[in-house]
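Have a look at the structure below, then the notes.
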Amino acid sequence: MHKITPMVRSPYFVVTLVSLLCITLFSLGLDDALAYRRDNILEGQWWRLLSGNFLHTNFWHLAMNLAGLWVIVLLFEQHYSAKSLTLLIITLGLTQGLALLIFFPNTLGYVGLSGLLHGLFVYGAVLDISKGLKTGYLLTLGVILKVIYEQTFGASQEVTSLIGARVATEAHLIGVVSGFICLACLYGFNLVKSNR
């Protein structure tokens, strides 16, 4: 029992569960029921705001997103517990869906973890800065410049061809903004807690 508890509290437990969820959904081909589709959401299928994040267009899309998830947690594991990572994934996923719905009416469909991953990356990089790690500045600046480049020039043709779909660069923008919002909430919560 004592050996199981630390494993369940590990962020790697959450990453393993998310990976298994994505692989299972990909294998079952549940896009029709779970993908982010604007028209279906407006008809009341609200679960699609979150569930679309865990679906993928093809094997390469799935593999790239899961590799990204594992790398991000390896880079920033000191900032995540199983509980905080779970809360962050759900929050970033829902924010992704809601922001697409509200601010990007021309985005009719979306699947993939990439927007959520951008949020996780920013969250970890800025917490690195708060811990005195100078690499956090480079990582934060790097992801911001990447998103600015994508908003200006679009995604690379190679990635578009590989995943067999348009890269939703607006999702990457939402992810970065959402990551900063989550950080602001964390700092606000800690400030209120310390003043009690």
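Both backbone and side-chain heavy atoms feed into the values below; hydrogens, waters and symmetry mates do not.
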**Asked** Do Ser178 side-chain atoms and Gly119 backbone N/O form a donor-acceptor pair below 3.5 Å?
**Response** no

- Query: Around Tyr137, counting heavy atoms of other residues, nucleotides and ligands shown, do more than 12 lie under 6.0 Å from its OH?
  - Reply: no

Point to revise | Any donor-acceptor N/O pair, Arg48 side chain to Ala35 backbone, under 3.5 Å | key: yes

Do Gln96 and Leu100 have side-chain heavy atoms sitting under 4.5 Å apart?
yes

So CE of Met64 and CG of Leu162: to nearest 0.5 Å the spacing works out to 4.5 Å

Rounded to the nearest 0.5 Å, the CD1 atom of Ile163 sits from the CH2 atom of Trp60 at a distance of 13.5 Å

Any side-chain donor-acceptor pair under 3.5 Å between Thr107 and Glu170? yes

Checklist entry - side chain to side chain contact (heavy atoms under 4.5 Å, CB included) between Val73 and Val14: does it pass, once the steps are laid out? => result CA-CA 10 Å; Val73 173; Val14 177; over 6 Å; no

Review point. Less than 4.5 Å apart, any side-chain heavy atom of Thr91 and any of Ile181?
Key: no

| query | Hey, does Glu43 have a side-chain heavy atom less than 4.5 Å from the side chain of Asn40? | reply | yes

Ignoring hydrogens and angles, tell me if any N or O in the side chain of Asn65 forms a donor-acceptor pair with the backbone of Leu62 under 3.5 Å.
no

Verify side chain to side chain contact (heavy atoms under 4.5 Å, CB included) between Trp46 and Leu94, making sure each step is shown before the conclusion.
CA-CA 10 Å; Trp46 297 104; Leu94 283 172; over 6 Å; no

Exercise for review: Consider only side-chain heavy atoms of I, L, V, M, F, W and Y, link residues closer than 4.5 Å, and tell whether Leu117 and Ile148 are in one cluster.
Suggested key: yes

Closest heavy-atom pair, Thr57 versus Ala165, reported as atoms and distance to 0.1 Å, is CG2-CB, 3.9 Å

- Are Ile72 and Ile144 joined in one hydrophobic group, where the rule is that I, L, V, M, F, W and Y side chains link up if heavy atoms are under 4.5 Å apart? yes

Taken to the nearest 0.5 Å, the spacing of Leu191 CG from Leu186 CG works out to 11.0 Å

Taken in chain and number order and not counting sequence neighbours, the residues that satisfy ring pair (Phe, Tyr, Trp, His ring centres under 6.0 Å) with Tyr149 are Phe153

Answer yes or no: is there a side-chain heavy-atom contact under 4.5 Å between Leu139 and Val126?
no

For residues 94-129, the ring-ring contact (aromatic ring centres under 6.0 Å, His included) pairs (sequence neighbours left out) are Phe76-Phe121, His118-His172

- Task: Tell me yes or no: between the side chains of Ser84 and Ser81, is some donor less than 3.5 Å from an acceptor?
- Result: yes

Does some side-chain heavy atom of Val15 sit less than 4.5 Å from a side-chain heavy atom of Ser19? yes

So CG of Leu108 and CG of Asp39: to nearest 0.5 Å the spacing works out to 6.5 Å

Worksheet item: Are Leu87 and Leu183 linked, directly or through other ILVMFWY residues, by side chains that come within less than 4.5 angstrom of each other?
Response: no

Note to self: Between Asp31 and Arg37 (salt bridge meaning N to carboxylate O under 4.0 Å), is one present in this structure?
What the structure shows: no

### Shared hydrophobic cluster for Leu120 and Leu17 (ILVMFWY, side-chain gaps under 4.5 Å)
no

| field | Hydrophobic cluster membership, Leu66 vs Leu74, 4.5 Å side-chain cutoff | value | yes

Q) Is there side-chain contact between Arg38 and Leu101, with at least one heavy-atom pair below 4.5 Å? A) yes

_Between Tyr80 and Leu127, is the side chain to side chain contact (heavy atoms under 4.5 Å, CB included) condition met? List the steps._
CA-CA 10 Å; Tyr80 301 127; Leu127 287 181; 5.9 Å; no

Practice item. Give a yes or no answer on whether the side chain of Asn53 reaches the backbone of Gly93 with a donor-acceptor pair at less than 3.5 Å. Key: yes

So Phe26 and Ile23, do their side chains get closer than 4.5 Å, heavy atoms only? no

Rounded to the nearest 0.5 Å, the OG1 atom of Thr95 sits from the CG atom of Leu116 at a distance of 9.0 Å

- Task: Evaluate the side chain to side chain contact (heavy atoms under 4.5 Å, CB included) criterion for residues Leu34 and Trp47: first the C-alpha distance (whole Å), next the side-chain angles of each, then the deciding distance (0.1 Å), finally the verdict.
- Result: CA-CA 7 Å; Leu34 300 177; Trp47 62 87; 3.8 Å; yes

CD of Glu77 to CG of Leu75, rounded to nearest 0.5 Å, is 9.5 Å

Students should find that the hydrophobic cluster of Leu145, defined by side-chain heavy atoms under 4.5 Å apart, otherwise consists of Leu141

How are the rings of Trp70 and Tyr12 set to each other: parallel, tilted or perpendicular (split at 30° and 60°)? parallel

Heavy-atom side-chain proximity of Leu113 to Phe54 below 4.5 angstrom: yes

